[in-house]
Amino acid sequence: MIEKLNPEQQAAVTLPAQHALVLAGAGSGKTRVLTTRMAWLIQTGQASPHALLAVTFTNKSAREMLARLSALLPINTRGLWVGTFHGLCNRLLRAHYRDAGLAQTFQILDTADQLAAIKRLLKASGIDDEKYPPREVQRFINGAKEEGLRPDAVEAHDPYRLRMVEIYRLYQAQCERESVVDFAELLLRCYELLQRNAPIREHYQRRFRHILVDEFQDTNALQYRWLTLLAAGGAPIFAVGDDDQSIYAFRGANVGNMADFERDYARGTVIRLEQNYRSYGHILDSANALIAHNTARLGKNLWTEQGEGEPVRVVEQPSDMLEAQWVVDEIKSLIGEGSLRREIAVLYRSNAQSRVIEHALFSTGIPYKVYGGLRFFERQEVKHALAYLRLMDNPDDDTSWLRVVNFPTRGIGARTLEQLSDLARERGTSLHKAAHLVGGKGGGNLLKFAAMIESMAHEAQVLPLPELIEHVVHHSGLLTHYQSEREGADRLENLQELVNAAAVFAGEENFEGLPAGRMVELPAAGQADAAGDFAAAGAAAGSDAAGAVAPVSDAVAGDAADPGAAAGAASSADALPGAADLIEAGARQGMSPLAAFLSHASLEAGDNQAQAGQDAVQLMTVHAAKGLEFDAVFITGVEEGLFPHENSLMEQSGLEEERRLMYVAITRARQRLYLTLAQSRMLHGQTRYALRSRFLDEIPEEHLKWLSPKVRVPVSSAWAGTADVASGGWNAQRRGDAYGRPATGQIAPRSPRSWASGVTVGQQQFRIGQGVRHPKFGDGTILSLSGSGQDAQAQIQFRDAGTKTLALGVAKLEVIAG
DNA sequence: GTGTCGTCCTTTTTT
DNA sequence: AGGACGACAC
């Protein structure tokens, strides 16, 4: 298996047991190295399969890793510690729910659930949601948690933040009361558990002899600490990532973790995988040249043996519609030449761009598939059914209770619910427990609902999962409701699909989102010979495995004073090799199939593509394309303001992240790459005009082939050097801001041959690329123009004051040379 | 309790 | 422009 690796890959795979950073460029065989290393560690007896911890970000990569691993080695992948950060933390918390201070039946809030919980909290606490918008509260709370901060630890001095912290505190109390945890909480709770509970921490520190991390550039502060805590017992961390593909800073990812890791742990052990097996030379060199414009890179230059291939084609069209049409015509001829539709991807920076392209594809009759949008477990009807199911396990889950208490309608109105919620609040209890306290007609209905939940919960004890779901769908009235709804057919189908998913899940005896491998049955986790492996691994590493785990069994014995834990430990103990796995026994016996399925539903929301199956052109955002590759790739909307997105220019190092995004986009292509742009496009109901992206100018001409005349407008960003300096806090983008007075602008009629359009306001003419002077902000260049009539606006990049959007009718601008 | 109208927002997204 | 959500009226 190792023969086919190149020297760098080989070196990475066979590194001795020490911390290491593998800088894996796009298409350099990153996943292969990761899985081959795991196989190598196992095969050479350095670690038993269960002494490996492999962490990914998405369920998809976890699945892929397992699949590849099982292709390399005849082992049963079930129960391996390979999963997402969240999945693994969930697993740990399920095993040690008591030590983590959680109810056994704790349930997971997805993003939407969390938002609903926050809204409910704000309402109940009488907090003005105008002043504290639920989304911002959510951001604040998650941000704090991702930094590892509990309310007490959050720095707050101004009244606004103080109040936010207070809301955070209230939210946390509400979650505790309801036995629910949000995504960030899974990680933080788990981190705290390991940090505070020495026996458990030491147990896992000994158990995991090798820690492997995928997409390391995407880790946030807490994930980094979680990893280093687990590794503190001596397990080496094998971190694989690419700083040039870090595109998730906006959601908390910290590329800096890579440099920190190198400095603090991996020191000299950095391996670069620079040979690319995916793209031809022109494509690769374009990517290299582009990304070279970023600063503070760890440094890497991709190369290929495949030859230079075809140049990157660039096309500029007058409008977004014509751009889309051009793309579709080109796709048509590619297909005519024998290309597979599924090997053609159309990428865009923002989802709003998909519409025109879809339209053009649709009217040309080319099948296509759009990625993004609602995922299976996020659908309304599925969420309703899941809410009922959650109540089976945990009737105190107020979020779920409220979601379905009157769905389908059963005469429980807002007034009744207000009474109920006040009562519950007074008594410090859940809505379910307070339900019998409300009088009147509404109260009667509440009682009926509560009784229904309890009776269903009773059924839940005896019915297998799929049957239970059918039962719930039927007896809750969801079935009848959707049968009578006009467009209920799809929803009923999805509910049936939910039953099927549960059947598959139950059949696989799945464990919170870690799929069972379809593998030759080998000795499962912790049977006799696995114990042998474990001891051998211990010996190889120069320590005494049996001795090392001894204290853990003591700890468990202490824990076992609790009847539940004792039963769990005792029953599993026979099947387990030794003390080592005792501490984890709780996880295997503690979780009902229902609870496991609910976790699965929260942690893995399912596919977000429309219809799988037929061969179709792939449409998606650049973000969604990360990790994928196609024979032919169209990157559309390569314009200033769109790509790089104008909003990114306001953020610190926003431009560099955009550039990495473009780098990711370019490196998706194997054989053919097209960059397309439009001079005008409809956005938010307005026509906007823009210049070609500065990124185009960062790619050397020799790699490009212009299929439309290249416009000689001076390079988009006259002040490119300072472009990344955003003015802190100034928010010109906000609607109706300081420049609210309507402008009296008019779009100048465009002559057929004019490429860049202009706007006339009063006596002044503005055009893209125009130099202007502002009394306060100084000199700048117009990046884009939008609107007409009453609200023409210009996005202007000032040399010293950053990029701002100004209303032309209001701002006192002077036209200067440029 | 349901349906309709108006208002708001619009970068990227996984768990 | 277009979709989602909330307020208001029947």
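All of these numbers come straight from a predicted model, not from anything done at the bench. We name chains A, B, ... by the order of the sequence lines, and we start the count at 1 in each one.
Contacts of A/Phe250 with the nucleic acid, taken as non-hydrogen atoms under 4.0 Å apart, include base atoms. Across all strands shown, A/Tyr248 has heavy atoms under 4.0 Å from sugar-phosphate atoms exclusively, and none from any base.
Take A/Phe597 and apply the ring pair (Phe, Tyr, Trp, His ring centres under 6.0 Å) test, not counting sequence neighbours, and it matches A/Phe505. Listed by chain and residue number, A/Tyr674 satisfy the ring pair (Phe, Tyr, Trp, His ring centres under 6.0 Å) test with A/Phe634 (two or more places apart in sequence, or in another chain). For the ring pair (Phe, Tyr, Trp, His ring centres under 6.0 Å) test, residues two or more places apart in sequence or in another chain that qualify with A/Trp226 are A/Phe85. Applying the ring pair (Phe, Tyr, Trp, His ring centres under 6.0 Å) test to A/Tyr482 and every residue at least two apart in sequence or in another chain returns nothing.
With distances taken from any side-chain atom of A/Arg251 to the nucleotides B/dT13, B/dT15, B/dT11, the minimum falls on B/dT13. Set against B/dT13, C/dG2, B/dT10, the side chain of A/Arg355 has C/dG2 as its closest nucleotide.
Residue A/Asn59 has no polar side-chain atom (N or O) positioned under 4.0 Å from OP1 or OP2 of B/dT14. A close approach under 4.0 Å does not occur between any side-chain nitrogen or oxygen of A/Thr111 and OP1 or OP2 of B/dT14. Note on A/Lys119: a side-chain N or O is less than 4.0 Å away from OP1 or OP2 of C/dG6. The side chain of A/Arg375 contributes an N or O atom lying less than 4.0 Å from OP1 or OP2 of B/dT15. For B/dT13, the OP1/OP2 oxygens have a side-chain nitrogen or oxygen of A/Asn351 closer than 4.0 Å.
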Every protein N/O lying under 3.5 Å from an N/O of nucleotides 1-7 of chain B:
unit_1	atom_1	unit_2	atom_2	d
B/dG1	OP1	A/Ile412	N	3.1
B/dG1	OP1	A/Gly413	N	3.4
B/dT2	OP1	A/Thr409	OG1	3.0

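One interatomic measurement links the two molecules: CZ of A/Arg139 to C1' of B/dT11, which rounds to 12 Å at whole-angstrom precision. As rounded to whole Å, 13 Å separates atom P of C/dG2 from atom CG of A/Asp320. If you measure from atom NE2 of A/His86 to atom P of B/dT15, you get 9 Å, rounded to the nearest angstrom. Rounded to an integer number of Å, the gap from A/Tyr348 OH to B/dT10 C1' is 15 Å. Atom P of nucleotide B/dT14 and atom CG of A/Asn254 are separated by 20 Å, given to the nearest angstrom.
Remark: A/Glu658 engages A/Arg349 in a salt bridge, criterion side-chain N to carboxylate O under 4.0 Å.
Mapping A/Arg349 and A/Ala184 onto DNA chain B by nearest heavy atom places A/Arg349 at the nucleotide closer to the 5' end.
Minimum heavy-atom separation, A/Leu222 to A/Gly148: CD1-CA, 4.1 Å.
Judged as a ring pair (Phe, Tyr, Trp, His ring centres under 6.0 Å), the pairs with a partner in residues 399-421 of chain A (not counting sequence neighbours) are, in order, A/His384-A/Phe407, A/Trp401-A/His432, A/Trp401-A/Phe449, A/Phe407-A/His481.
Both geometric conditions, a ring-centre gap below 5.5 Å and a plane tilt below 30°, are fulfilled for A/His645 over the base of B/dT11.
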